[in-house]
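Residue numbering restarts at 1 for every chain, and letters A, B, ... go by the order of the sequence lines. Values below: every heavy atom of this structure, side chains too, minus hydrogens, waters and symmetry copies.
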2 protein chains.
Amino acid sequence: MNGPGESAQQRRPVTLDDVARAAGVSQPTASRVLNGSSRRVAPSYRERVLSAAQELGYTPNLPAQAMARGTSRTIALVLSLISDPYFSAMAAEIMKQAEAIGLHVSIAVTERQAERELDLIRELRGQQPRAIILAGTGYVDPPSSQALIDELQRYEQTGGRVVLISRSDLPFETVDFDNHEGARQLARELATLGYRNCLVLGSATPLLSMQQRVEGFVAGLTESGGTNVRVQQPGFSWAGAREFVLGLSDDEAAQLDLVFAVTDDMALGALAGLRERGLRVPEDIGVAGFDDISTLRDVVPKLTTVHVALNAVAQEAVYRATTTDESLTRRTVPAYPVIRASTPPLSS
Amino acid sequence: MNGPGESAQQRRPVTLDDVARAAGVSQPTASRVLNGSSRRVAPSYRERVLSAAQELGYTPNLPAQAMARGTSRTIALVLSLISDPYFSAMAAEIMKQAEAIGLHVSIAVTERQAERELDLIRELRGQQPRAIILAGTGYVDPPSSQALIDELQRYEQTGGRVVLISRSDLPFETVDFDNHEGARQLARELATLGYRNCLVLGSATPLLSMQQRVEGFVAGLTESGGTNVRVQQPGFSWAGAREFVLGLSDDEAAQLDLVFAVTDDMALGALAGLRERGLRVPEDIGVAGFDDISTLRDVVPKLTTVHVALNAVAQEAVYRATTTDESLTRRTVPAYPVIRASTPPLSS
DNA sequence: TTGTAGGCGTTATCAC
DNA sequence: GTGATAACGCCTACAA
């Protein structure tokens with residue numbers, strides 16, 4: 001299988017030089033037809049270069065190109081967790097958008113450790129990406145984030161773009177969805193349906209966007225007339241929500257007619273916990289979340305939530321990552337409630 | 001905010017040269033202390049270089065390093081779909097493993113278009129990654145895949161590693177899970193529980209691993225004594241499975257006591273379809289899948305499936321992607337059935 | 001339109 | 001131990 005074919009035992013990748021030599025032209029000429037912009041090369045040369053490249057299986061060495069050009073065709077994406085359906089959906093959309101304009105995506109994951117973020121970004125900066133997109137981290141208290149800001153600003157000063165998604169804690173280009181308004185509208189609709197005694201599950205991790213959701217929900221409920229709202233901050237996860245719900249006293253649980261969690265993930269955890277303690281959803285208690293992740297389609301009852309147009313967010317983010325229009329600095333994508341079976345109208 | 005600070009309006013990234021100059025040493029010396037391997041540099045110099053790098057915020061230019069060294073610290077990962085929970089879990093594990101040994105991961109997605117695979121790989125090759133990992137594509141008929149093989153072999157000849165996950169259609173290093181055996185064991189356990197009349201939902205897309213699951217399941221059922229098995233090939237998706245189930249006649253549906261789908265995703269689609277036509281799961285009919293994706297935890301009833309140790313697969317894959325031990329060429333990670341509430345013992 | 005020369009940031013080779 | 005010097009593959013002037 002590895003016999004001494006015509007070019008079998010080759011060791012070195014095919015370079016532009018090889019192509020040029022094979023085509024009998026100079027390196028810049030080959031470069032112009034294969035990778036160049038203004039393609040004014042004689043058709044005969046052009047032809048020869050093309051077929052030589054084809055023959056040899058030439059692929060441009062991207063690192064070399066990046067170095068020579070001073071800029072790469074890579075976008076660096078920083079996520080907190082890729083296995084989370086919310087973030088994987090986000091990543092998918094961003095990759096789709098990036099690919100549509102010929103950009104690669106390099107992904108790095110913080111695993112929800114805020115302190116890793118800085119190291120990660122420094123590493124990524126070394127890749128000389130065209131832009132760095134930070135999605136879905138972002139803490140409420142901006143203490144040690146000064147180092148992060150410095151790092152990102154340094155990156156921007158060298159011509160890189162920084163785009164934040166769903167975190168308004170740093171002074172950079174930001175694409176947000178309207179956490180506050182989405183949660184507020186949800187609360188109003190739920191109030192209309194008759195929900196009065198609500199448990200709001202926020203996040204023990206002080207994330208800004210989650211705080212906005214809590215505030216929006218409480219605001220919406222308050223506007224809709226007097227209600228009992230109790231805000232709690234369990235661990236920011238499925239397990240955290242579940243455990244919190246399991247820890248409620250029977251009295252407390254009995255008085256509730258709704259649990260709103262700041263993410264669908266947590267809402268599902270709450271749902272699981274409620275069921276474990278014998279409560280039926282939605283007959284005994286309603287549940288609502290936020291994000292409208294796709295895996296909700298398999299959950300019974302269908303979960304009421306707030307839908308976010310992730311594709312619009314991704315498109316905006318990539319657009320901002322690749323354009324240099326200084327006029328835009330922030331864009332908020334709408335989020336709107338979707339009432340489903342987990343919160344039917346309350347008859348009582 | 002952008003005042004004329006000490007180094008505010010800088011335009012060019014900090015290079016090794018800058019660090020060397022600031023430290024008063026030569027470029028090679030700076031290189032040795034910051035990135036080099038054999039670190040025999042005088043402590044005093046070492047100190048100065050380190051603090052200069054710190055001061056200036058130096059980060060090595062990875063493309064430049066890659067070019068100089070002839071090899072990068074990147075692994076390229078090709079997936080068919082990142083938003084799928086199965087693949088995002090896989091990606092997460094691979095990234096974790098890669099990161100543990102200081103490697104970056106660059107992800108590309110075929111969006112399930114087989115023909116894109118070749119272009120994608122050629123592009124990726126240009127990034128000069130240390131290895132290319134292909135996960136979860138792989139068709140049964142290997143017709144046009146010759147071009148793919150050529151491309152990958154060319155890449156290997158230049159020192160790159162190629163690792164396949166869950167596809168045995170190409171002559172490269174492969175990490176597989178035991179699709180056949182996992183499905184076979186599942187079938188045997190279900191037969192023991194009393195299931196006799198089974199609908200098997202394979203994949204209209206001719207994927208090798210899915211075919212193996214079908215064959216394994218049928219084999220297990222056959223071994224367990226005479227049963228009625230009907231194999232069908234709906235579209236390879238949640239929607240495909242759902243639609244197929246909805247298309248069954250009432251007679252056909254009534255005769256079944258089990259639906260096995262080759263992926264959890266499809267099993268959930270079937271579950272949705274069964275419910276839409278008024279069947280209760282598991283009272284009227286059992287459902288089983290394959291993969292044990294994490295989102296199953298929120299599905300009621302809990303789904304019987306075949307568990308795959310993704311972390312073991314990922315670890316193997318990354319190991320093979322970074323080692324050059326020629327002796328190993330294939331490894332099969334076990335897969336084992338997990339019986340849950342969706343397939344209770346049949347009393348009848 | 002085409003070729004020559006120089007440079008991108010880093011590492012490797014080799015004298016000192 | 002340390003510092004010149006020559007690569008790595010490509011691109012962008014510039015000159016022909």
Side-chain angles (χ1 to χ4, degrees), chain A residues 10-49 52-53 56-74 123 125-130 158-160, chain B residues 10-49 52-53 56-74 125-130 158-159:
Chain A
Q10 190 176 337
R11 221 52 185 144
R12 197 174 45 73
V14 177
T15 77
L16 190 58
D17 209 39
D18 297 330
V19 175
R21 200 175 348 254
V25 302
S26 74
Q27 208 192 36
T29 299
S31 171
R32 288 190 263 261
V33 25
L34 290 174
N35 314 317
S37 43
S38 31
R39 30 106 134 195
R40 22 183 182 171
V41 174
S44 64
Y45 279 19
R46 180 178 183 69
E47 203 54 41
R48 289 201 307 210
V49 170
L56 273 50
Y58 168 75
T59 298
N61 182 320
L62 264 28
Q65 258 182 349
M67 199 172 64
R69 298 212 247 242
T71 170
S72 76
R73 298 198 63 73
T74 298
E123 282 245 352
R125 184 156 67 87
Q127 293 193 32
Q128 313 293 109
R130 179 162 301 197
T158 65
Chain B
Q10 191 175 337
R11 219 59 184 138
R12 195 174 46 73
V14 177
T15 79
L16 190 58
D17 206 41
D18 297 331
V19 175
R21 201 179 343 257
V25 301
S26 73
Q27 215 186 25
T29 297
S31 172
R32 287 190 265 260
V33 24
L34 291 174
N35 314 316
S37 41
S38 30
R39 27 103 134 201
R40 21 183 183 170
V41 173
S44 63
Y45 279 19
R46 179 176 183 70
E47 204 53 43
R48 290 203 305 212
V49 170
L56 272 51
Y58 168 75
T59 298
N61 182 322
L62 264 28
Q65 258 182 349
M67 201 172 63
R69 297 212 247 241
T71 171
S72 76
R73 296 198 66 73
T74 298
R125 185 156 66 85
Q127 294 193 32
Q128 314 292 109
R130 179 164 301 198
T158 64

Let me know the distance between [atom1] of [X] and [atom2] of [N], rounded to the nearest Å.
X	N	atom1	atom2	answer
B:R69	D:dG9	CZ	C1'	17 Å
B:L34	C:dT11	CG	C1'	13 Å
B:Y58	C:dT10	OH	P	4 Å
B:R46	D:dT2	CZ	P	11 Å
B:Q128	D:dG9	CD	C1'	9 Å
B:R21	D:dG3	CZ	P	14 Å
A:L62	D:dC10	CG	C1'	11 Å
B:R73	C:dT10	CZ	P	16 Å

Contact class for B:P60 vs. all strands (heavy atom < 4.0 Å): base, sugar-phosphate, or nothing? sugar-phosphate
Out of [options], which has the shortest distance to the side chain of [X]?
X	options	answer
A:Y45	D:dG9, C:dT2, C:dG9	C:dT2
B:Q27	D:dT12, C:dT11, D:dG3	C:dT11
A:R12	C:dT11, D:dG9, D:dG3	D:dG9
A:V41	C:dT2, C:dG3, C:dT10	C:dT2
B:V25	D:dC10, C:dT10, D:dG3	D:dG3
A:A64	C:dT4, D:dG9, D:dC11	D:dG9
A:M67	D:dG3, C:dC8, C:dT10	C:dC8
B:L16	D:dC10, D:dT5, C:dT10	C:dT10

Stepwise side chain to side chain contact (heavy atoms under 4.5 Å, CB included) test for B:V25 and B:R48: CA-CA 9 Å; B:V25 301; B:R48 290 203 305 212; 4.0 Å; yes
Hey, are the side chains of [X] and [Y] touching, using non-hydrogen atoms and a 4.5 Å cut-off?
X	Y	answer
B:Q128	A:L62	no
B:V41	B:T29	yes
A:Y58	A:D18	no

Considering all heavy atoms of both residues, which atom of B:L34 and which atom of B:V19 are nearest to each other, and what is their separation? CD1-CG1, 4.2 Å
On DNA chain D, nearest-nucleotide positions of B:A42 versus A:T15: which is more 5'? B:A42
Using heavy-atom distances to pick each residue's nearest nucleotide on DNA chain D, tell me which of B:P43 and B:A68 is more 5'. B:P43
Mind checking what makes salt bridge (charged side-chain N to carboxylate O under 4.0 Å, His left out) contact with A:R69, not counting sequence neighbours? none
Under 4.0 angstrom between [X] side-chain N/O and [N] OP1 or OP2:
X	N	answer
A:Q65	D:dG9	no
A:T29	C:dG3	yes
A:N35	D:dC11	yes
B:S31	C:dT10	no

Can you find a donor-acceptor pair, distance only, under 3.5 Å between B:R32 side chain and D:dG3 base? yes
